[in-house]
Number of protein chains: 2
Amino acid sequence: MGKRKENSTNSWNESYIVESCDLTYAVCKIGGRWKLLILCKLENGKLRFSELRNQINGITERMLTLQLRELEKEGLVKRTVYAEVPPRVDYELTAIAKELVPIWSQLSQWGAKHKNLLQQRT
Amino acid sequence: MGKRKENSTNSWNESYIVESCDLTYAVCKIGGRWKLLILCKLENGKLRFSELRNQINGITERMLTLQLRELEKEGLVKRTVYAEVPPRVDYELTAIAKELVPIWSQLSQWGAKHKNLLQQRT
DNA sequence: CCCATTACTTACAAATTTGTTAGTACCATA
DNA sequence: TATGGTACTAACAAATTTGTAAGTAATGGG
């Protein structure tokens with residue numbers, strides 16, 4: 001009983017997103033608990049799975065895998081598997097993901113500014 | 001039995017956020033299912049509660065209230081109550097929220113571009 | 001007095017997202 | 001033959017987020 005939810009925080013109804021603004025679409029791509037953190041770490045080049053795991057405080061292997069899979073599917077991250085044992089896999093930003101870098105640096109500055117403002121009020 | 005989760009998608013542990021990057025902090029402020037949609041609608045000036053409700057497809061009054069409250073608390077939206085009956089309340093962007101506008105327009109362009117790329121692959 | 005209007009609340013239920021724990025495969029090395 | 005390192009998966013449980021449905025207050029007009 002009760003209708004199905006038609007959308008959730010980060011994986012809405014594709015049709016809805018596509019109809020609505022590109023901004024919402026964009027934020028979906030990088031939203032969620034871990035995605036931005038992962039993308040940030042890759043900003044300076046390739047990293048292996050284990051390097052990512054160690055650099056991102058608190059992430060579990062499961063979450064890292066899930067998020068990397070989504071990022072890959074959405075074309076933000078490129079995954080390379082080397083035919084070695086023990087396995088070696090690395091991840092890097094795709095061209096379009098790199099285009100986000102200047103944007104998120106602005107956003108980051110905004111964040112810092114906003115944080116200061118809020119602290120002053122307290 | 002199982003530790004408490006120390007963070008959730010949009011309302012993590014303040015200390016963790018503050019320690020970690022400003023980018024993550026910023027994305028938290030505008031993350032979640034509805035916040036950006038609300039902020040976008042306010043881009044061109046004040047709107048009443050009911051106007052927001054009508055312009056945002058699918059939002060419920062409960063969610064609109066909750067999100068507006070958070071945005072207000074975080075200094076992104078200013079709420080003005082008029083002493084009238086029936087009640088009249090309007091919402092507008094604060095100065096710091098307006099600084100986001102150029103950023104989200106870039107993000108929006110990125111979103112459009114990314115959407116095209118993905119479609120070409122299919 | 002009764003109703004309409006607006007901007008909310010409240011209590012509850014469901015869905016989604018995340019976390020926990022325990023595996024798996026592969027081969028090289030001891 | 002047993003062990004170790006790497007990059008995962010799978011099953012389950014818990015937390016968080018969102019939705020639903022039903023109120024509430026205040027007052028002007030009929």
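Chain naming here is simple, since letters A, B, ... match the order of the sequence lines and numbering starts at 1 in each. Given the structure is predicted, the values throughout are model-derived calculations rather than measurements.
Rounded to whole angstrom, the span from the CZ atom of A:Arg62 across to the C1' atom of D:dA14 amounts to 12 Å. In this structure, OH of A:Tyr82 is placed 18 Å from C1' of D:dG5, rounded to the nearest angstrom. One interatomic measurement links the two molecules: CE of A:Met63 to C1' of D:dT9, which rounds to 12 Å at whole-angstrom precision. What separates CD of B:Glu61 from P of D:dG23 is a distance of 15 Å, to the nearest Å. C:dT6 atom P lies 17 Å from atom CZ of B:Arg79, rounded to whole Å. Atom P of nucleotide C:dA7 and atom CD of B:Gln67 are separated by 18 Å, given to the nearest angstrom. Atom CG in A:Leu66 sits roughly 13 Å away from atom C1' in C:dT16 (whole-Å rounding). Protein atom CG of A:Leu64 is 13 Å distant from nucleotide atom P of C:dT18, rounded to whole Å.
Both the sub-6.0 Å distance and the 45° axial angle are not jointly satisfied by B:Lys78 relative to the ring of B:Tyr91.
Nearest-nucleotide positions on DNA chain D for A:Arg88 and B:Pro86 put A:Arg88 closer to the 5' end. Comparing B:Val89 and B:Val85, the nucleotide of DNA chain C nearest to each residue sits closer to the 5' end for B:Val85.
In this structure, B:Thr65 reaches the bases: a heavy-atom distance under 4.0 Å links it to at least one base atom across the strands shown. Counting any heavy atom pair closer than 4.0 Å across all strands shown, B:Arg48 reaches sugar-phosphate atoms only and no base atom. Across all strands, A:Tyr91 comes closer than 4.0 Å only to sugar-phosphate atoms, never to a base (heavy-atom distances).
Counting heavy atoms from C-beta outward, B:Leu93 and B:Leu76 have side chains that stay 4.5 Å or more apart. Here the side chains of B:Phe49 and B:Leu64 are in contact, with some heavy-atom distance below 4.5 Å. A:Leu107 is listed as a side-chain neighbour of B:Leu100, based on a closest heavy-atom distance under 4.5 Å.
In the set D:dT18, D:dC8, C:dC8, D:dC8 carries the atom at the smallest distance from any side-chain atom of A:Phe49. With D:dG19, C:dA7, D:dT9 as the choices, the nucleotide that has an atom nearest any side-chain atom of B:Pro87 turns out to be C:dA7. Of the candidate nucleotides D:dA7, C:dC8, C:dT20, C:dT20 has the atom lying nearest to any side-chain atom of A:Thr60.
Considering only side-chain N and O atoms, A:Arg69 lies under 4.0 angstrom from the phosphate OP1 or OP2 of D:dT9.
Across all their heavy atoms, B:Ile96 and A:Lys113 have their closest contact at CD1-CG, 4.0 Å.
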